[in-house]
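Encoded as structure tokens, the structure appears first; notes follow it.
As the structure is a computational prediction, the values presented were derived from the model and not from experiment. Every chain is numbered from 1 and lettered A, B, ... according to where its sequence line falls, protein lines coming before strand lines.
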Amino acid sequence: MTRRYPDEPVDSFPRPPREITDREGRELSLSEAGTADVAELVSMYVEFDPGDRAQGIPPATESAIREWLEAVVTEDALNVVARHEGRPVGHVMLVPDRQGASELAIFVLQPYQGAGIGTELVRTALGLAKREGLERIWLTVERWNSPAVGLYEKIGFERTGDGSFELEMSLRLA
Amino acid sequence: MRVFVGFDGSEEAAAALEEVLRRIRKTGDEVTVAVYSTDESPPTVEEAKATLEAFDASAEIERVDGDPGAQLVELAETGGYDRIVLPGGRTSPLGKIQFDAVTEFVLLNAHTSVTLIR
């Protein structure tokens with residue numbers, strides 16, 4: 001499958017670690033994460049609202065969540081975690097595909113949604129990606145999820161593919 | 001039951017066909033393998049035959065020409081099949097389930113029941 005990417009790169013994303021204050025006044029730390037953080041991330045995803053699942057992830061049971069995270073949070077992937085009072089409440093991941101690009105996904109626990117955390121998490125992950133030399137990022141989003149589509153567009157993603165169920169969006173960093 | 005199994009030669013399609021062939025040993029359902037090609041997969045009648053032989057299963061093989069989604073829906077309906085079976089999508093690098101255009105079309109347009117095999 002050939003994926004389209006915008007011609008013009010988008011730049012000037014912030015890099016982790018960062019401290020942010022969300023629209024509810026909560027202070028969060030955004031930091032790079034890796035294989036050592038899987039156990040903590042499992043506990044975050046166990047709390048995830050099943051209604052917020054996207055295209056089958058995160059899986060529903062704790063063992064399936066662990067298996068999924070062990071498969072995607074690898075040395076080759078980039079991860080940024082948002083913590084509130086030390087506890088992970090949001091996670092963005094960039095997983096390499098076979099064409100030298102990376103797929104992005106983000107999850108924010110329900111009580112922390114709608115406060116601008118997702119936008120800052122994605123922007124911070126893109127700053128990390130840029131530092132690590134990634135050039136092309138893509139994602140898919142269910143087409144009825146207009147808040148997410150709006151968030152990605154605001155960050156600079158462009159719609160590059162149109163399915164019946166999901167949209168594909170992509171962004172060029174360099 | 002008469003089952004119409006889509007097969008495009010992909011790994012997922014091979015796994016789905018094998019699952020169907022294992023099931024019909026118990027149910028005795030009648031199977032037709034509808035072989036189609038996509039941009040990513042060339043026509044693969046030989047592969048479908050090989051899978052049938054490996055399972056010692058007898059099934060009709062029908063070549064689907066033209067737009068595969070539209071043809072699968074049409075052939076299943078005109079052929080009086082009870083069910084269309086398709087592979088249940090691929091997973092993206094980070095584990096999201098994704099349907100190809102053929103699966104999307106069949107799901108949205110078939111009046112025949114559709115089963116996706118995961």
* Structure fact -> Correct closest heavy-atom pair for P93(B) and P96(A) would be CB-O, 3.6 Å
* Q110(A), CD: over 12 other non-hydrogen atoms inside 6.0 angstrom -> yes
* To do: Report, as yes or no, whether the 6.0 Å neighbourhood of atom CG on D56(B) holds more than 12 heavy atoms from other residues, nucleotides or ligands.
  => no
* Asked: Same cluster or not: are L116(B) and Y36(B) linked, directly or through other Ile, Leu, Val, Met, Phe, Trp or Tyr residues, by side-chain heavy atoms under 4.5 angstrom apart?
  -> yes
* **K96(B) side chain near E103(A) side chain, heavy-atom distance below 4.5 Å** => yes
* **Straight-line distance of L94(B) CG to L104(A) CG, nearest 0.5 Å** => 8.0 Å
* Just wondering, are more than 12 heavy atoms of other shown residues or ligands nearer than 6.0 Å to CD in E27(A)? -> no
* Which atoms form the tightest heavy-atom contact between G95(B) and W68(A), and what is the distance? -> CA-NE1, 4.4 Å
* Starting at CG of L139(A), measure out to OG of S92(B) and round the result to the nearest 0.5 Å. => 10.5 Å
* In terms of heavy-atom contacts, does CZ of R172(A) have more than 12 from other residues, nucleotides or ligands at under 6.0 Å? -> yes
* Structure fact -> Heavy-atom nearest pair, E104(B) first then E166(A), reads OE2-N, 4.4 Å
* Which heavy atom in L107(B) sits nearest to a heavy atom in F165(A), and how many Å separate them? -> CD1-CE1, 4.1 Å
* Asked: Got more than 12 heavy atoms from elsewhere within 6.0 Å of CG, D49(A)?
  -> yes
* To do: With a 4.5 angstrom heavy-atom cut-off, could you sort out which part of V95(A) is near chain B: side chain, backbone, both or neither?
  => both
